[in-house]
Enquirer: 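Pasting in a structure now, in structure tokens, and then I'll have a few things to ask.
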Amino acid sequence: MSFNFEATVKEITDFFKTEAKTETVVGESFQLGQFTCVPVIKFGLGLGYGGGEGKGGQQGKASGEGIGGGAGGGMGVEPIGFLVTHNDQISFIPTRTSRGLSAAFEKVPDLLEKFLEKKKTEKAETMA
């Protein structure tokens, strides 16, 4: 049995390319009134591999030959905030610190108010 390290690493990295995206972790960008909110993630990856082979027939050892190998890896994905755009302004609202999270919550009422005002205006225009 042979182990192709290069092919295995390629398969793993292809998997990460398709699965470790912001969209698959925390969702796609969304509109909230006049604001566009884009989630941002932090991604970390670690891989390790080891292998060896041996031959028997030595004094005190069993006879025969053997090959062994092993691999391991770990991945971490964490949402870290949102990019928020409005007209020509871009802001980053972090979710990691209490300051950033509270700043995000402080903006929610304003965002909702503007969104509801826009909906109310649109509804009035369609009825007129």
Enquirer: Supply the atom-to-atom distance Gln34 CD to His86 NE2, rounded to the nearest 0.5 angstrom.
Expert: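 So the gap between those two atoms works out to 4.0 Å.
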Enquirer: Return the minimal non-hydrogen interatomic distance between Val84 and Phe35, and the atom names on each side.
Expert: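 Taking Val84 first and Phe35 second, the nearest heavy atoms are CG1-CD2, 3.8 Å.
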Enquirer: Nearest heavy-atom pair of Phe115 and Leu32: which atoms, and what distance?
Expert: CD1-C, 4.0 Å
Enquirer: Inspect the surroundings of CD1 in Ile90 and state if more than 12 heavy atoms from other residues, nucleotides or ligands are less than 6.0 Å away.
Expert: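 Atom CD1 in Ile90 is not crowded, with 12 or fewer foreign heavy atoms closer than 6.0 Å.
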Enquirer: Work out which heavy atom in Lys118 is nearest to a heavy atom in Gly33; give both atom names and the distance.
Expert: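 Looking at all heavy atoms of both residues, the closest pair is NZ-O, 4.4 Å.
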Enquirer: How far apart are the closest heavy atoms of Val38 and Ser29, and which atoms are they?
Expert: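 Looking at all heavy atoms of both residues, the shortest contact is CG2-CB, 3.8 Å.
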Enquirer: Tell me whether the count of non-hydrogen atoms from other residues, nucleotides or ligands lying under 6.0 Å of CD in Glu122 goes above 12.
Expert: yes
Enquirer: Testing Val40, Thr95, Thr36 one by one against Phe82 for a side chain to side chain contact (heavy atoms under 4.5 Å, CB included), which residue passes?
Expert: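 Going through Val40, Thr95, Thr36 one by one, the side chain to side chain contact (heavy atoms under 4.5 Å, CB included) with Phe82 is satisfied by Thr95 alone.
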Enquirer: Roughly how far, to the nearest 0.5 Å, is the CD1 atom of Ile93 from the CD1 atom of Ile80?
Expert: 13.0 Å
